[in-house]
Protein chains: 2
Amino acid sequence: MDLRQLRYFISIVEQGSFSKAAQELNVAQPALSLHVRNMEESLGTKLLFRGPHGVTTTEAGQILLRNARMIIEQINHAQEEILEHEAEPAGEVHLGLPGTISQILSVPLLLAARDRYPKIKLRIAEAMSGFVLEWMRDMRVDLALLYIPVSDRQLVSHPVLTENLWLLGPPKPMPGVASPSTRTVSFDAIARLPLVLPSHSHGLRSLLEDAAARNEFTLGPILEADSYGNIKGLVEAGAGYSILPFNAIAREVSAGRLLTWKIKEPGITRSVYVVKPVDRPMGNAARAIYSLVNETLNMLVDTGKWHGVKKAPKEKSN
Amino acid sequence: MDLRQLRYFISIVEQGSFSKAAQELNVAQPALSLHVRNMEESLGTKLLFRGPHGVTTTEAGQILLRNARMIIEQINHAQEEILEHEAEPAGEVHLGLPGTISQILSVPLLLAARDRYPKIKLRIAEAMSGFVLEWMRDMRVDLALLYIPVSDRQLVSHPVLTENLWLLGPPKPMPGVASPSTRTVSFDAIARLPLVLPSHSHGLRSLLEDAAARNEFTLGPILEADSYGNIKGLVEAGAGYSILPFNAIAREVSAGRLLTWKIKEPGITRSVYVVKPVDRPMGNAARAIYSLVNETLNMLVDTGKWHGVKKAPKEKSN
DNA sequence: CTCAGGACATACTAAATTTGTATGGATTTC
DNA sequence: GAAATCCATACAAATTTAGTATGTCCTGAG
């Protein structure tokens with residue numbers, strides 16, 4: 001039994017005639033004769049009574065007709081379901097990201113997702129980079145944003161934007177420590193300052209350690225604090241200086257509670273990477289969110305809400 | 001979308017590999033590549049992720065797989081339903097017949113139908129030939145048994161059996177009428193006897209009138225009685241002679257309450273015809289009963305329960 | 001790091017199926 | 001009884017499907 005045969009059969013019965021059906025279907029009448037004969041042979045039963053005024057169904061024909069209609073309907077339903085799925089991504093998408101990114105990104109991303117893909121349930125999970133990466137490997141999240149590039153056989157990352165890190169310090173100079181006198185400071189000037197930095201499990205700390213090593217200087221005395229809030233609080237209270245992206249301190253700076261210095265070229269930069277699985281199925285809901293994340297981040301940069309530089313990821317259509 | 005494609009697709013997904021599926025399906029692997037590609041093009045979506053260790057479904061592929069399984073199942077179901085319908089006729093079949101036939105046939109036919117086609121509900125309606133024929137034309141019954149052949153554009157009849165009619169008379173000779181002295185009597189001997197016969201609406205009466213006309217003699221004085229019981233009662237009481245099939249009088253004869261004479265060749269015969277619609281759909285339940293009626297009548301003749309001669313109806317497979 | 005092996009894709013050819021054309025037989029209708 | 005209608009059949013043409021040979025990509029072993 002063939003779908004074509006079923007379609008033809010339905011039309012023949014509905015038209016009550018081979019010839020009429022042939023017209024409707026734009027095929028020659030003998031083709032229909034043949035198909036019906038083949039079906040009758042394969043089923044071992046007559047399906048149609050051939051009368052002088054056309055044809056009527058036998059009981060077996062009735063059974064076939066009913067089933068044929070259901071089958072054709074099912075076929076159409078399947079196609080529609082697939083097309084609709086393409087047009088309207090749906091399902092849960094889990095996105096993992098560090099809290100610092102979440103602070104800026106989550107709200108506009110959730111809003112955009114709600115508007116553009118109402119059938120997608122976007123779950124955002126925050127944690128430190130290390131945990132997020134682990135989630136990604138365990139498939140606990142579908143996508144992740146990280147400050148570090150990843151590239152192995154499971155995961156690939158693409159940079160979305162790069163931001164400069166700024167030196168920040170207390171509004172009043174620390175006793176015994178001179179704040180830099182220029183708006184731009186060099187690495188070794190930084191190395192001479194007491195710093196408030198996150199511990200090693202934070203990507204930021206590694207980034208700075210690496211930059212220090214590359215520039216061949218060692219960091220000064222370090223006070224550890226593992227949240228930006230604490231870091232900023234300590235700096236504001238005059239416990240030391242720190243290095244953070246501008247977003248994290250914009251409010252305090254404009255309120256005059258913190259002073260900032262640019263870091264001399266090439267500066268210290270941190271990039272945001274979108275991480276996705278490389279070879280495993282990524283649903284088109286996840287794909288949609290992937291694009292939306294890129295788009296939203298770009299938008300944040302464009303509107304100045306994220307002080308960074310766009311890095312258009314080179315997309316493959318996967 | 002094609003059933004073959006769906007079957008192939010299911011196998012590919014189940015095997016997780018084009019090559020394995022090709023083996024299982026006994027087709028070349030490129031054929032599968034092509035079919036999947038065609039489906040993907042026609043749906044505008046990737047259905048499978050091609051990995052180095054085989055393939056996995058995309059989300060669209062999952063949707064297709066689910067639907068494909070349902071469709072294949074539906075197809076198989078349709079075929080099974082039709083085959084089962086052939087094997088097990090079901091539904092109501094209405095059979096119309098004259099009471100005389102019903103007396104002998106109904107019980108064995110109903111029993112046989114119950115055993116052989118338990119899903120068929122066989123309804124038997126009794127009436128005189130004329131009414132039964134009318135029912136047949138009005139499609140109120142699906143099949144009929146009659147003593148007269150029918151053949152027009154709606155109905156055809158086939159003879160099933162022929163029975164001889166016997167002359168019967170009272171055990172004690174009627175005053176003034178000599179019972180035939182030989183075991184076999186001729187037409188003109190019959191014509192000289194006073195007769196008890198049914199009225200013209202009975203097929204039997206027409207049959208006798210016709211036979212009389214053909215043999216160029218006229219029937220003697222006729223007493224009319226419209227049931228076999230009455231006729232037999234009247235004959236037994238010495239009111240006259242009659243002509244009936246042997247079945248109708250077997251009991252009385254063996255009890256010595258009636259005498260019988262054979263009628264000289266070619267005798268007077270009555271045939272039983274099965275009547276069925278000629279061009280309209282006859283369900284296979286009706287077809288089954290049609291065969292069963294023939295079979296049962298033949299059986300009745302074979303076992304001597306109906307004194308007649310089989311006439312194998314030449315069947316067309318309609 | 002190279003190489004063998006497995007897996008799917010592509011190109012082209014061969015086979016099978018499907019369709020179309022022409023025609024015939026049967027039956028109804030005017 | 002002749003024309004018209006309808007389905008069946010036969011054979012040829014066209015399209016679809018399958019097969020063969022080969023290519024490319026990736027993995028995993030040595």
Side-chain angles (χ1 to χ4, degrees), chain A residues 1-9 11-42 46-58 61 151-156 277-281 316-318, chain B residues 1-42 45-58 61 151-156 277-281 316-318:
Chain A
M1 259 202 305
D2 186 1
L3 283 187
R4 172 165 30 194
Q5 291 177 319
L6 294 182
R7 280 188 241 269
Y8 285 2
F9 183 76
S11 176
I12 291 169
V13 174
E14 284 178 349
Q15 300 292 322
S17 151
F18 281 61
S19 347
K20 298 236 183 70
Q23 281 184 278
E24 193 191 53
L25 296 166
N26 292 315
V27 295
Q29 167 262 314
L32 302 184
S33 286
L34 213 62
H35 279 299
V36 171
R37 197 181 63 171
N38 287 339
M39 282 203 286
E40 288 179 330
E41 276 174 12
S42 88
K46 276 203 156 170
L47 296 169
L48 298 174
F49 287 110
R50 278 76 162 175
H53 298 295
V55 292
T56 51
T57 62
T58 63
S151 194
D152 53 29
R153 70 204 52 189
Q154 295 172 53
L155 305 174
V156 276
V278 63
D279 56 349
R280 286 294 123 199
K316 273 193 284 184
S317 72
N318 176 34
Chain B
M1 259 202 305
D2 185 1
L3 283 187
R4 172 163 29 194
Q5 291 177 320
L6 294 183
R7 279 188 240 270
Y8 286 2
F9 183 77
I10 291 174
S11 176
I12 291 169
V13 175
E14 285 178 348
Q15 299 293 321
S17 151
F18 280 61
S19 345
K20 298 238 183 66
Q23 281 184 280
E24 192 191 53
L25 297 166
N26 292 315
V27 294
Q29 166 262 314
L32 303 185
S33 286
L34 214 63
H35 279 300
V36 171
R37 196 180 63 174
N38 286 338
M39 282 202 286
E40 289 179 330
E41 276 173 11
S42 87
T45 318
K46 276 201 155 172
L47 296 169
L48 297 173
F49 286 110
R50 278 77 162 174
H53 298 295
V55 293
T56 51
T57 62
T58 63
S151 196
D152 53 30
R153 69 202 53 187
Q154 293 172 53
L155 305 174
V156 276
V278 62
D279 56 351
R280 285 294 124 202
K316 273 193 283 184
S317 70
N318 176 31

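Below, chain A is the first sequence line, B the second, and so on; all start at residue 1. Side-chain atoms are counted along with the backbone in the values below, which use heavy atoms only and exclude waters and symmetry mates. Since the structure is predicted, the reported quantities are computational estimates derived from the model, not experimental observations.
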Expected list for residues 21-31 of chain A near DNA chain C, using heavy atoms below 4.0 Å, is A/N26, A/V27, A/A28, A/P30
Of all residues at least two apart in sequence or in a different chain, which pass the side chain to side chain contact (heavy atoms under 4.5 Å, CB included) check with A/S11?
-> A/Q15, A/A21, A/E24, A/L25
Report the residues that fulfil side chain to side chain donor-acceptor pair (under 3.5 Å) with B/Q23, sequence neighbours left out, ordered by chain and then residue number.
-> none
Take atom NE2 of A/H53 and atom P of D/dC7, then tell me their distance rounded to the nearest Å.
-> 11 Å
Spacing between A/M39 atom CE and D/dC7 atom P, to the nearest angstrom | 15 Å
Could you list all N or O pairs between the protein and nucleotides 11-17 of chain D that sit under 3.5 Å apart?
{"residue": "D/dT17", "atom": "O3'", "partner": "B/R4", "partner atom": "NH1", "Å": "3.1"}

Over how many whole Å does the gap from B/Q15 atom CD to C/dG6 atom C1' extend?
-> 16 Å
Name all residues meeting the side chain to side chain contact (heavy atoms under 4.5 Å, CB included) criterion together with B/L34; count only those two or more places apart in sequence or in a different chain, and write none if there are none.
-> B/R37, B/N38
B/R4: partners by side chain to side chain donor-acceptor pair (under 3.5 Å), with sequence neighbours left out | none
Those residues at least two apart in sequence (or on a different chain) that pass side chain to side chain contact (heavy atoms under 4.5 Å, CB included) with B/A22 are B/Q29, B/L32
By side chain to side chain donor-acceptor pair (under 3.5 Å), A/Q5 pairs with (sequence neighbours left out) none
Figure out the CG/C1' separation between A/L6 and C/dT18, and round it to whole Å.
-> 16 Å
Would you check if the side chain of A/T58 reaches a backbone N or O of A/L47 as a donor-acceptor pair within less than 3.5 Å?
-> yes
Between CD of B/E41 and P of C/dA9 the distance, given in whole Å, is 12 Å
Should A/S33 be listed as having a side-chain N or O under 4.0 Å from OP1 or OP2 of D/dA8?
-> yes
Does a nitrogen or oxygen in the side chain of A/R50 sit under 4.0 Å from OP1 or OP2 of D/dA8?
-> yes
Rounded interatomic separation in angstrom, taking CG from A/L3 and P from C/dT18 | 12 Å
Expressed in angstrom and rounded to an integer, what is the separation of B/F18 atom CZ from D/dA18 atom C1'?
-> 16 Å
Looking only at heavy atoms, what is the nearest atom pair of A/D2 and B/L3, with distance?
-> CA-CD1, 4.2 Å
Among the candidates D/dC6, D/dT9, C/dT10, find the nucleotide nearest to the side-chain atoms of B/R37.
-> C/dT10
Ring pair (Phe, Tyr, Trp, His ring centres under 6.0 Å) partners of B/F18, counting only residues at least two apart = none
Contact under 4.0 Å: B/S19 side-chain N or O vs C/dG6 OP1/OP2 | no
Starting at atom CG of A/L48, determine the distance to atom P of D/dA8, rounded to an integer number of angstrom.
-> 9 Å
